[in-house]
Amino acid sequence: MRQEQTATYFPPLEERNCPACGSSSRTGTLSREGEFELVRCCDCRMLYTHRVRGIAGKILHYDQMARERVDTTSGLSPAHYGLANQIKAVGLYESVLQFIVKTIQAGNVNFVDVGCAGGLLLLAAQALDGYHCGVPPRFNVRGISIDPRERSETERNVGCPVLFPDEAASAWTGWADVVTLMNVLEHVDDPFQLLGQLRGILKPGGLLVIDVPNNSVVSLRGGLLRRWPELDLGEHINHFVPSTLDRLLIRAGFVPAGRLFGLYKGVESIAVAPGLRTAARWLGASAVMLATMRRVQLFAHMTMAYRGGSGV
Ligand SMILES: [Zn+2]
């Protein structure tokens, strides 16, 4: 029999406690996707995947995705995979950058994007007001990544320094006015540890902006009907709702500072116009958010702002 080509060796999955509160008390398996299982924390109600790839497994997995490019980026070189994958998020980047500029109206902004992929958000931050001859950008940009490929792609595309989280935590203490985590925290094995590192990188009272999928409707329906949709449990391992995200951030020393409206067009594509169902959901979610003074957020994604504590 012909031998198959040697497959990439993936390290075994790693077991973990609740990523929001640290508790080991959890429900049985709520749903299963391949080797990944969804559970709920009995203490804080956080939904999460309890056996995860771990950092070494993730790096191998992302590298395999960039090499194989079985999606619409297959015509590109692997070196541009990260950048190409960010383009669908330009609407999100626009709304987050507008929020930052409105919040910090003057002066330079030291800006760090975590999980910076190909560096598109960092590039956008440098071209915020268009190009003006002789005027330097307001934003000084840096990146953080766990992935060596992502790191070298961002360094090449943006020309800015990119460090691993633990390196950044010791080298950039108290440097940043703003840190962003765009579609990153749902992938992180130990979000509490990462948030602690980011709090150290921020100036006291600095701004942290997070965008993650909002699992409010999924969580409610799953609890009532015991029916769970496909959640990509291997990739998305932390399934936040606004309250579990707030609780995690408060535990890590942050103060909630605002909730942005969900995007009308979502973050899936720049060319697809929203269908009737998406439009109805957006209208409904907007009405609920306004009626509850921003307390109830039902958009498919949630974009949340926090302030670092007053510092130690
Ligand atoms: Zn918990």
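Along the sequence shown, the residues carry numbers beginning at 1. A quick note: this is a predicted structure, and the numbers were derived from the prediction, not measured. Atoms within each ligand, like the ligands themselves, are counted from 1 in listed order.
Each protein N/O/S atom under 2.8 Å from the Zn ion (ligand 1) was counted, for a total of 4.
Side-chain contact of H301 with D211: a donor-acceptor pair under 3.5 Å is present, judged by distance alone. D43 and S25 share no side-chain donor-acceptor pair at under 3.5 Å.
Residue L260 comes nearest to R294 through the heavy atom pair CA-NH1, 4.3 Å, listed as atom of the first residue, atom of the second, then distance.
Using a 4.0 Å cut-off between charged nitrogen and carboxylate oxygen, E167 and R151 count as a salt-bridge pair.
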List, one per line, each side-chain donor-acceptor pair under 3.5 Å for residues 92-109, sequence neighbours excluded.
{"residue": "Y93", "atom": "OH", "partner": "Q86", "partner atom": "NE2", "Å": "2.9"}
{"residue": "T103", "atom": "OG1", "partner": "F99", "partner atom": "O", "Å": "2.6"}
{"residue": "Q105", "atom": "NE2", "partner": "K102", "partner atom": "O", "Å": "3.2"}

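Ring geometry for F111 against F139 counts as perpendicular: the plane angle is over 60°, on a 0 to 90° scale with 30° as the lower cut.
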